[in-house]
Amino acid sequence: LNSGSQAAVRRKAPWFYALSGFTAPTTRNRWGLDRQNFVSVWHEGVGLIIGGGNSKGQSEWSNFIFPRPGRLAYIPNSGEVRENHLVLSYEDKKASLEVSPESKSELKIKAALLDPASAATGQLLLHLKAGTTCKTAAGGVLSLSDRSIEIRAEDAGGWVEFEGWRINLPAGSKINFPSYPFDPEQRDTRALLSQARGILSYPLNSTVPKTEFTITVL
């Protein structure tokens, strides 16, 4: 399914993924969330892997963050989708995400700066669940709960495995859990632990203008 150049929904069994280029200005209305997370990946065997909606006033829920003097640019002003390729514009800077199912058990996500002289933090929202465990290639086992954890690439040994799937961690990347979204229905706007997600963040700069993630379903 295509919606002009604004969105694409693809199914290549057992994979299902969606890319959105729909953007919108921020609003002070508590019910209007920021449009900041534009890619979702689902697999028949393990369910949702990448994705989880949007938040409000939280840069860590955005696919890209570009530093600006005294502030951060993390809400894109425009987006465009071509087949499996998404380009997001953050003022005068652009970054892209590309999703490519390679086989029934493997899918690649490629991220890149379109201006290699710029710098940004890229992020993917991982659908992680409290009450489960994860393990690393280095042999570590961690429990996911309301206690904050951070898994760095240099400690993980190459990849992190969750419930039936794993993802590689390139140099400089890390995973943090839990990150709570803004919930307008709660008086203090803090979401429940069941709504929390993991944030996979990674650097993009003139030295590393692009990077690649491989999701493997076991």
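- Under the 3.5 Å distance criterion, with hydrogens and angles disregarded, a donor-acceptor pair is assigned to the side chains of Thr214 and Lys108.
- Contact check for Ile49 versus Leu126: no side-chain heavy atoms found under the 4.5 Å cut-off.
- Ion pairing between a basic and an acidic side chain is recognised when a charged N comes within 4.0 Å of a carboxylate O; Asp183 and Lys56 show no such pairing.
- Closest of all the heavy-atom pairs between Asn168 and Glu212 is ND2-O, 3.3 Å.
- Between Glu185 and Arg30, no side-chain nitrogen of the basic residue sits less than 4.0 Å from a carboxylate oxygen of the acidic one, so the salt-bridge criterion is not met.
- Other residues, nucleotides and ligands place no more than 12 heavy atoms under 6.0 Å from the CZ atom of Arg147.
- For the atom pair His43 NE2 and Ile50 CD1, the distance stands at 13.5 Å (nearest 0.5 Å).
- Distance CG/Leu125 to CD1/Ile199: 4.5 Å, rounded to 0.5 Å.
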Under the side-chain contact (heavy atoms from CB on, under 4.5 Å) criterion, do Ser5 and Arg82 qualify, and how do the steps go? CA-CA 6 Å; Ser5 61; Arg82 296 295 183 188; 3.8 Å; yes
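- Here the side chain of Glu102 pairs no donor or acceptor atom with the backbone of Leu107 at under 3.5 angstrom.
- Side chains of Trp61 and Ser179: a donor-acceptor N/O pair is present below 3.5 angstrom, by distance only.
- Of the N and O atoms on the side chains of Asn54 and Gln36, not one donor lies less than 3.5 Å from an acceptor on the other residue.
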Run the side-chain contact (heavy atoms from CB on, under 4.5 Å) check on Val99 and Trp15 step by step: do they pass? CA-CA 11 Å; Val99 180; Trp15 296 100; over 6 Å; no
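- A salt bridge is absent between Glu98 and Lys110: the closest approach of a Lys/Arg side-chain nitrogen to an acidic carboxylate oxygen does not fall below 4.0 angstrom.
- In this structure, Ser62 contributes its side chain and Tyr74 its backbone to a donor-acceptor pair below 3.5 Å.
- One distance of note links CZ of Phe182 with CG of Asp34; it measures 9.0 Å at 0.5 Å rounding.
- Cation-pi geometry between Arg10 and Tyr17 is not met: the NZ or CZ atom fails to fall both under 6.0 Å from the ring centre and inside 45° of the normal.
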Begin with the C-alpha distance, continue with both residues' side-chain angles, and end with the deciding distance and a verdict on side-chain contact (heavy atoms from CB on, under 4.5 Å) for Leu128 and Phe162. CA-CA 8 Å; Leu128 308 183; Phe162 298 98; 3.6 Å; yes
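- A distance-only check finds a donor-acceptor pair linking the side chain of Ser103 to the backbone of Glu106 [under 3.5 Å].
- Ile167 and Leu200 make their closest contact through CD1-CD2, 3.7 Å (heavy atoms, listed as atom of the first residue, atom of the second, distance).
- When every heavy atom of Leu144 is checked against every heavy atom of Cys134, the shortest pair comes out as CD2-SG, 4.4 Å.
- A distance of 8.5 Å separates OG in Ser78 from CD in Gln6, rounded to the nearest 0.5 Å.
- Not one N or O on the side chain of Asn63 forms a donor-acceptor pair closer than 3.5 Å with the backbone of Leu124.
- In the hydrophobic clustering of ILVMFWY residues, with side-chain heavy atoms under 4.5 Å counting as a link, Leu218 and Val46 come out apart.
- Between Thr121 and Gln123 the shortest side-chain heavy-atom distance falls below 4.5 Å.
- Judged purely by atom type and a 3.5 angstrom limit, Thr189 has no side-chain atom pairing as donor or acceptor with the backbone of Gln186.
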Verdict with supporting geometry, Asn176 and Ser201, side chain to side chain donor-acceptor pair (under 3.5 Å): CA-CA 8 Å; Asn176 289 88; Ser201 58; 4.7 Å; no
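- There is no side-chain donor-acceptor pair under 3.5 Å between Asn77 and Thr23.
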How far apart are the C-alpha atoms of Ser100 and Asn84, what are their side-chain angles, what is the distance that settles it, and do they pass the side-chain contact (heavy atoms from CB on, under 4.5 Å) test? CA-CA 7 Å; Ser100 303; Asn84 63 339; 3.2 Å; yes
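- Atom-to-atom distance recorded for Asp146:CG and Leu192:CG is 12.0 Å, nearest 0.5 angstrom.
- Ile215 and Ile109 make their closest contact through CD1-CD1, 4.1 Å (heavy atoms, listed as atom of the first residue, atom of the second, distance).
- Pro181 approaches Gln195 most closely through the heavy-atom pair CD-O, 3.6 Å.
- Exactly one of Val160, Thr136, Ile175 qualifies for a side-chain contact (heavy atoms from CB on, under 4.5 Å) with Leu142. That residue is Thr136.
- Relative orientation of the Tyr202 and Phe64 rings is perpendicular, given thresholds of 30° and 60° on the angle between their planes.
- In this structure, the side chains of Leu113 and Phe66 come closer than 4.5 Å at one or more pairs of heavy atoms.
- Rounding to the nearest 0.5 angstrom, the gap separating the CZ atom in Phe38 from the CG atom in Leu97 is 10.0 Å.
- Leu88 and Leu114 fall into different hydrophobic clusters, where Ile, Leu, Val, Met, Phe, Trp and Tyr side chains are chained together by heavy-atom contacts under 4.5 Å.
- Lys129 and Phe177 make their closest contact through C-CZ, 4.4 Å (heavy atoms, listed as atom of the first residue, atom of the second, distance).
- The hydrophobic cluster containing Ile65 does not contain Val39, counting ILVMFWY residues as joined when their side-chain heavy atoms lie under 4.5 angstrom apart, directly or transitively.
- Here Lys93 does not pair with Glu91 in a salt bridge; the nearest charged N to carboxylate O distance is not below 4.0 Å.
- When side chains are defined from C-beta on, Arg11 counts as touching Trp42, because their heavy atoms get closer than 4.5 Å.
- Ile75 and Val87 are members of different hydrophobic clusters when ILVMFWY side chains are connected at heavy-atom separations under 4.5 Å.
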